[in-house]
Student: 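Got a structure for you, written out below as structure tokens; questions coming shortly.
Quantities reported herein were computed from a predicted structural model and do not represent experimental measurements.
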Amino acid sequence: DQLTGIFMDVPERQNLFAINGFPTSHGAFMGLIMKPWGERERSDISVLGELQGKFMGVAGVNAFATAPSAIPVGAGEMPVEFVITYPGDYTQLASTLDAIDAEAKKSGLFIFTNADLRFSTPQAELIVDKDRANKLGVTMQDVGATLATLLGGNNVNRFAVQGRSYQVIPQVPRNERATTEQILKYHVRATNGDMVPLSSFVSIGQSVQPNSLKTFQQLNSATLQGVPFPGRTVGEAGEMFPQGMSYDFKGESRQFVKEGNALAVTFAFSLLLIYLVLAAQFESFRDPFIILVGLPATVFGALFVLWILGQANGMMQNNPPFNIGSGTINIYTQIGLVTLIGLIAKHGILMVEFANKLQETQGMDKNSAIKEAAAVRLRPILMTTAAMVIGVFPLLIADGAGAKSRFDIGVVIAAGMSIGTMFTLFITPAIYSFVARDRHGKAPDMAPVAEAVPLPVNQNSKKKRQAPPPMQEAAE
């Protein structure tokens, strides 16, 4: 009731639902459906922060608030699911998991942590005095069959009444199986036919058992679940493992770990493809290197701006007054970084291609050629950068659902182009002066002079075509 009241007090609430017994019999799941973006003032992150603070005040319940991933990445209950596997006993596994859970809570980097293996479920055990039972003529098979019939709730037969079939389920009434002490009042039939009370040879003991026993990849496993703050990776807990234990991930965190290096692979293949295309275009392996030399500065500029935004988000607890994106490396920022490869390469192409032509046509040395090319191509370069930054400006001021993803793409492209252009205008000419091939020797020093070459002429035709002598006028 307290949790329901907390959800009902959220102004952005549109609907509320609850599922009891999920994901385990000791748990429950409650979902808050928020109003559309245009009908509320706060974001889901702001609401989550408020709910988590109120959940801490509910006694007897280990509750946490989280939001589903924007991109479905697999079946998982929480963002981080850290799995420990061990071929040995669950007791050693539970003690190791408790140590890791304590370190995670001590770090202050997790909003919430939960270990799914805990020896906290009370269990009643029937302790049978076999010698006493043998003297009374009671076998263990009789004890088991009697308890299974009285408490098992098994279907033993069916009967029909008025064309309908009903199950026969023998079981003692509910009020006679409410406590464990009532079990001792049950009777079991001995070999001589007498009814013997269980209390004469059975006692009840108490023990603690784990709430569930799970396996992962055919090994005994335990899972530490959590909702973390940005910071240290959970893999640092591996130093506390006894010999023979290992760890893995599952759910959303497993997808992140498996695909975390995809950006580096994609970036490398994109860079290689563009390098080979430029090498074929310029018929040189030096010129593509000079063209792409400004790319590291471009990527650094984009990542530096993302880092600043991430720090700002952390200082404001992911609840800034206006949209500044996520400030993290995600699928949207990765798309922006790959796009920057082609955009920033265009600046180098403009300068390098023009400088090569100046060397070949005007006989300029490479230092003078690249200076002239940088000055002449400055205007197209700045126009290209300005056009791209202005083109992504609507992404930076986007509002509503999906605004963060659009902002992430826009800020990477805008920051990378702006910072990368400033560095490219200085780095590319400097590298060209040292690395580029000297081409001015190909141009001739003087223009070629056309020489008259005598052609063979037929004498007969020459006589025929010879003009008649001019007529002299009489001077009379």
Side-chain angles (χ1 to χ4, degrees), residues 1-82 97-98 101-102 104-105 108-123 174-175 177-179 208-212 214 222-229 250-253 313 316-321 326 400-404:
D1 293 338
Q2 294 182 7
L3 293 176
T4 303
I6 292 174
F7 279 112
M8 296 298 291
D9 293 338
V10 177
E12 293 80 7
R13 174 187 55 83
Q14 183 179 28
N15 206 343
L16 178 67
F17 65 92
I19 303 175
N20 293 323
F22 177 82
T24 62
S25 59
H26 302 282
F29 175 81
M30 300 185 71
L32 176 66
I33 301 177
M34 303 180 67
K35 295 179 180 179
W37 189 279
E39 300 179 11
R40 52 187 170 93
E41 298 180 356
R42 295 190 300 173
S43 64
D44 57 342
I45 301 298
S46 303
V47 176
L48 288 177
E50 179 184 351
L51 290 176
Q52 188 61 43
K54 293 181 179 181
F55 289 163
M56 296 298 182
V58 180
V61 176
N62 193 7
F64 69 96
T66 183
S69 176
I71 301 177
V73 292
E77 300 170 10
M78 298 188 192
V80 171
E81 293 186 86
F82 186 68
L97 185 64
D98 290 339
D101 189 15
K105 288 183 170 64
L109 300 176
F110 291 86
I111 302 174
F112 170 84
T113 59
N114 176 56
D116 68 346
L117 180 61
R118 295 185 182 277
F119 285 79
S120 58
T121 303
Q123 178 175 296
R174 183 180 297 273
N175 57 356
R177 52 186 171 89
T179 61
V208 179
Q209 295 296 326
N211 49 359
S212 62
K214 298 181 179 180
T223 304
L224 175 65
Q225 302 170 321
V227 181
F229 291 113
K250 69 177 183 178
E252 183 178 345
S253 55
N313 265 327
M316 291 180 282
Q317 299 181 352
N318 290 325
N319 187 26
S326 61
K404 281 191 174 182

Student: First locate atom CG of Leu32, then atom CD1 of Ile6, and finally report the distance between them rounded to the nearest 0.5 Å.
Tutor: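 So the CG of Leu32 and the CD1 of Ile6 are separated by 12.0 Å.
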
Student: Is it the case that the side chain of Asn15 and the backbone of Ile33 share a donor-acceptor pair, with hydrogens and angles ignored and the cut-off at 3.5 Å?
Tutor: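 No, because the side chain of Asn15 does not come within donor-acceptor range (under 3.5 Å) of the backbone of Ile33.
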
Student: For a 4.5 angstrom cut-off between non-hydrogen side-chain atoms, does Met8 reach Leu16?
Tutor: yes

Student: Apply side chain to side chain contact (heavy atoms under 4.5 Å, CB included) to the pair Gln14 and Met34, showing each step before the final yes or no.
Tutor: CA-CA 5 Å; Gln14 183 179 28; Met34 303 180 67; 5.9 Å; no

Student: Determine whether the aromatic ring centres of Phe55 and Phe7 lie less than 6.0 Å apart.
Tutor: yes

Student: Answer yes or no: does atom CD of Gln2 have more than 12 heavy-atom neighbours from other residues, nucleotides or ligands under 6.0 Å?
Tutor: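 Counting other residues, nucleotides and ligands, CD of Gln2 stays at 12 neighbours or fewer.
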
Student: So which pairs with a foot in residues 52-61 pass salt bridge (Lys or Arg N to Asp or Glu O under 4.0 Å), sequence neighbours left out?
Tutor: Glu50-Lys54

Student: Output the distance between atom CE (Met30) and atom CG (Leu3), rounded to the nearest 0.5 Å.
Tutor: 6.0 Å

Student: Working note: Lys35 + Arg13, criterion side chain to side chain contact (heavy atoms under 4.5 Å, CB included); need CA distance, chi angles, decisive distance, verdict.
Tutor: CA-CA 6 Å; Lys35 295 179 180 179; Arg13 174 187 55 83; over 6 Å; no

Student: Can you find a heavy atom in the side chain of Leu117 that is under 4.5 Å from one in the side chain of Thr223?
Tutor: no

Student: Between Ala222 and Leu97, which heavy-atom pair has the shortest distance, and what is it?
Tutor: CB-CD2, 3.6 Å

